[in-house]
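Below, each value reflects all heavy atoms present in this structure, side chains not excepted, and no hydrogens, waters or symmetry copies. Counting starts at 1 for both ligands and their atoms, following the listed order.
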Amino acid sequence: MRLLFIGDVVGRSGREAVADVLPGLRARLRLDLVVVNAENASHGFGLAPEMADALFAAGADVLTLGNHSWDRKEIIPYIAQTPRLLRPLNFPPGTPGAGAAVVDVAGGRQVLVLQAMGRLFMDTLDCPFRGTAEALSRYRLGGTVAAIVIDFHAEASSEKMAFAHSFDGQASLIVGTHTHCPSADHQILPAGTAFQSDAGMSGDYDSVIGMQKLGAATRFWRKVPGERLVPADGEATICGVFVETDDVTGLALSIEPLRMGGRLSQAMPGTA
Ligand SMILES: [Fe+2]
Ligand SMILES: [Fe+2]
């Protein structure tokens, strides 16, 4: 199975870049499944239903959210009828939407995608470790599902690494989101799970995590509320990870970073 995960799409720059490039990437990398984190698609804050529709139309199979899940209120009725749009599974019981979805892919295979959110320097939530263990207990990698992709939306690298090692061997890919900086620690863990602590954002990197740098920097210089943060609108670098899995075991055979367009050094899977 050939999987692509794309990190946090930020604003118009990120949305347009993903919409431009994803159809070609699907063909070029012969992708079976594409998961896109879209929590910052709407001007940096949340996801509007029409933006979700556009990302699905461009070739995303599953969209994930995060701490910005509800910044656009219109997404609340939309998520209730869109099982392929996920929010963290460890939100309190009764929260709209779901944290996991099983998706049909080519060849009659099924993939489980789930999202959990960390708690270090983040909102107080139910335990992401216990919640993920409980969700995974209902599936068997290489048995009931051919692959399992987990988006762990968290701030701290320590929590992300602890999470990944806790579920090593139980997922095809565990990838972090939320910091908006791609980490260079992509690897296959000892029991066969591909891991990168953060996928990075898909947005303009001449910015402060995707937002215009002057307004964002002013907030650190002065402790008075500044002007509203606005997404930077230069050319986006699309950041993600590409993983190939073994069809029998569901474990990872390779993991490669993808960085395409914009200011960051370029990385295209299959060309190293
Ligand atoms: Fe984000
Ligand atoms: Fe986030």
Chemist: Could you enumerate the protein N, O or S atoms under 2.8 Å from the Fe ion (ligand 1), written like residue then atom name?
Modeler: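 Listed by chain and number, the atoms are Asp8 OD2, Glu39 OE2, Asn40 OD1, His180 NE2.
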Chemist: What pairs with Asp104 under side-chain contact (heavy atoms from CB on, under 4.5 Å), at least two apart in sequence or on another chain?
Modeler: Gln110
Chemist: Which residues satisfy the side-chain contact (heavy atoms from CB on, under 4.5 Å) test with Ile188, sequence neighbours excluded?
Modeler: Ala252, Ile255
Chemist: Is a donor from one side chain sitting under 3.5 angstrom from an acceptor on the other, for Arg259 and Ser265?
Modeler: yes
Chemist: Under the ring-ring contact (aromatic ring centres under 6.0 Å, His included) definition, can you give me all pairs with a residue in residues 1-57, not counting sequence neighbours?
Modeler: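 The answer is Phe45-His68.
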Chemist: Between the side chains of Arg12 and Asp233, is the shortest nitrogen-to-carboxylate-oxygen separation below 4.0 Å, so that they form an ion pair?
Modeler: no
Chemist: Do the rings of Phe91 and Trp70 sit parallel, tilted or perpendicular, given the 30° and 60° boundaries?
Modeler: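 Rings of Phe91 and Trp70: tilted, 30 to 60°.
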